[in-house]
Amino acid sequence: MKKLLALILTLALAACLFAACGNNAQPNNESKTPDAPAAADGTLQSMISSDEEYVIVNCLNNIEYFNSQKYGWEMAGKLFGVKVSFTGPADDDINAMVSAFETAMAKEPAGICVWGYDAALDPYIKQAQAAGIPVVTYVGYSGETGDTYIGTSQHDLGYSGAKLYAEMLGGKGKVAIMTITGSAMFEERYQGFMDGFSEYPDIEVVAAGDTKADSVTAINAAKDIAIKYDDLNGFVCCDSTGASGAATALAELNLTGKVDVLGLDRNSDVLEMVQNGTITGTFAQNDISMSYWALVCLVTEAHIDMPLTADNAAAGAKVTPNYIYTSVNLVTKGNIDAYLEQNAIYATNGFN
């Protein structure tokens, strides 16, 4: 009996020692990485499904301008955890763009973003809205804006550009505007430049050159102005042909670096002209933000009906923003490297 009791005590002591060693190897208070918490009910995260798809319908998808738009669309999709796609013809084909929009509608996506490139899209935008698909227009619109337009205000593009250049000139000088007459979009930009410069009494807009969106025409128009006004300080441009035309004209007149040229947008060829001094600078639209805010609006509209009234639909109350205008920035040699570096990154995104 004594031997049995001794054996039991020995085994108990060994068990205690083993437990103690085990506790030293794995203390009870050791912290563990917690599982990611589930999204709280009622939050936007809890409402979004990873199966949702949002589609951008575009044309002219082959031009560099849309690289940043595609990048912003992908970036926003990852942030919200939803599927995003970018579709439409590579060239200027409105019929193909309409067809792409119809295909997008047939997929019954959670939302559609579309460049309001042509009035031919207007009935399809209405049709999608009637089917309960939120629609945002971006970059520009010809008629229907959808639930919200997101992009640059054409007037503000010119107005902001005028203010930026006026400050560069110290509020004094003679300026010419290169534009495309007869086009509503460019007329708005032109008027914006005029309104901005009008706030500076010592700045005079001496001429306007019509590029007709043609390089040769733009060169000749700019050359005529530069010859007539030998005290001209600079050209500001409502379209991309204006900048290249004015720069070429000044080069042929041996005036490069003596007369400013302010271009438009931040395509790599334009930025390279800024870098090498062919043009003084360019007005860059905040293009990446357009597609980002488009998805913010579409996701919000797909899941949240802001309670402006007890029943917005019955009351006929619109609660989405009518317009969201993005910024305009001036690119010069002082900040050109940052823009060129980012352009290279945009060109490598998945939609290209």
Side-chain angles (χ1 to χ4, degrees), residues 62-65 67 157-158 160-183 186 189-190 192-194 196-197 203-285 328-344 347:
N62 61 332
I63 65 174
E64 186 185 356
Y65 173 79
N67 284 359
L157 176 59
S160 298
K163 299 276 285 184
L164 290 168
Y165 185 48
E167 293 302 317
M168 280 183 66
L169 290 176
K172 184 177 182 179
K174 293 185 177 181
V175 181
I177 303 173
M178 302 296 289
T179 187
I180 301 173
T181 60
S183 168
F186 295 104
R189 292 179 181 180
Y190 173 81
F193 273 117
M194 293 297 292
F197 286 132
I203 288 185
E204 181 184 0
V205 178
V206 297
D210 186 0
T211 71
K212 301 187 186 300
D214 176 75
S215 296
V216 175
T217 302
I219 293 169
N220 291 332
K223 190 177 290 186
D224 289 343
I225 293 170
I227 291 171
K228 183 175 181 180
Y229 300 96
D230 58 6
D231 56 350
L232 184 72
N233 291 95
F235 290 95
V236 294
C237 304
C238 296
D239 77 313
S240 57
T241 55
S244 59
T248 302
L250 293 175
E252 292 178 1
L253 296 171
N254 295 317
L255 292 174
T256 299
K258 299 176 183 178
V259 178
D260 296 328
V261 178
L262 277 295
L264 187 68
D265 290 332
R266 47 82 166 274
N267 292 351
S268 294
D269 57 344
V270 175
L271 296 184
E272 287 164 4
M273 285 194 287
V274 176
Q275 189 178 47
N276 64 30
T278 303
I279 65 175
T280 312
T282 186
F283 303 117
Q285 300 181 69
V328 176
N329 297 279
L330 179 61
V331 184
T332 64
K333 277 193 173 183
N335 57 8
I336 186 65
D337 290 342
Y339 280 89
L340 279 168
E341 181 179 344
Q342 196 62 32
N343 270 25

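Values reported hereafter were calculated over all heavy atoms of this structure, with side chains retained and with hydrogens, waters and symmetry mates removed.
C238 has its side chain within reach of F193: a pair of non-hydrogen atoms, C-beta onward, lies under 4.5 Å apart.
In this structure E167 satisfies the side chain to side chain donor-acceptor pair (under 3.5 Å) test together with Y200, sequence neighbours excluded. Considering only residues two or more places apart in sequence or on other chains, T278 meets the side chain to side chain donor-acceptor pair (under 3.5 Å) condition with N276. Considering only residues two or more places apart in sequence or on other chains, D231 meets the side chain to side chain donor-acceptor pair (under 3.5 Å) condition with K174.
Looking at every heavy atom in both residues, A176 comes nearest to I225 through CB-CG2, 3.7 Å. Among all heavy-atom pairs drawn from G192 and A162, the shortest one is O-CB, 4.4 Å. In plain terms, the two heavy atoms of E64 and S268 that are nearest each other are OE2-OG, 2.5 Å. Here the shortest heavy-atom pairing between A221 and M178 reads CB-CE, 4.2 Å. Summarising the geometry of D265 relative to V270, their closest heavy-atom pair is O-CG1, 3.7 Å, with the distance given to 0.1 Å.
I180 CD1 to R189 CZ: the interatomic distance, rounded to the nearest 0.5 Å, is 8.5 Å. Distance CD/Q275 to CG/L271: 8.5 Å, rounded to 0.5 Å. Going from atom SG of C237 over to atom CD1 of I279 covers 8.0 Å, rounded to the nearest 0.5 Å. With rounding to the nearest 0.5 angstrom, the CG atom of N67 is 9.5 Å from the CZ atom of R266. Expressed to the nearest 0.5 Å, how far CG of L169 lies from CZ of F197 amounts to 7.5 Å.
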For residues 203-219, which side-chain N or O atoms pair as donor and acceptor with protein atoms under 3.5 Å away, sequence neighbours left out?
from, atom 1, to, atom 2, distance (Å)
D210, OD1, T181, N, 3.4
D210, OD1, K212, N, 3.0
D210, OD2, T181, OG1, 2.6
D210, OD2, K212, NZ, 3.2
T211, OG1, T179, O, 3.4
T211, OG1, A213, N, 3.0
T211, OG1, D239, OD2, 3.2
T211, OG1, T241, OG1, 3.2
D214, OD2, V216, N, 3.3
D214, OD2, T217, N, 2.9
D214, OD2, T217, OG1, 2.9

Quick one: side chains of residues 247-264, donor-acceptor pairs under 3.5 Å with protein atoms, not counting sequence neighbours, listed by atom name and distance.
from, atom 1, to, atom 2, distance (Å)
T248, OG1, S244, O, 2.8
E252, OE1, K223, NZ, 2.3
D260, OD1, T280, OG1, 3.1
D260, OD2, Y165, OH, 2.8

Tabulate below the donor-acceptor pairs under 3.5 Å that side-chain atoms of residues 331-339 make, not counting sequence neighbours, or state none.
from, atom 1, to, atom 2, distance (Å)
T332, OG1, G334, N, 3.3
N335, OD1, T332, N, 2.9
N335, ND2, L330, O, 3.2

Exercise. Go through I177 and M194 one step at a time and tell me if the side chain to side chain contact (heavy atoms under 4.5 Å, CB included) criterion holds.
Key: CA-CA 9 Å; I177 303 173; M194 293 297 292; 3.8 Å; yes
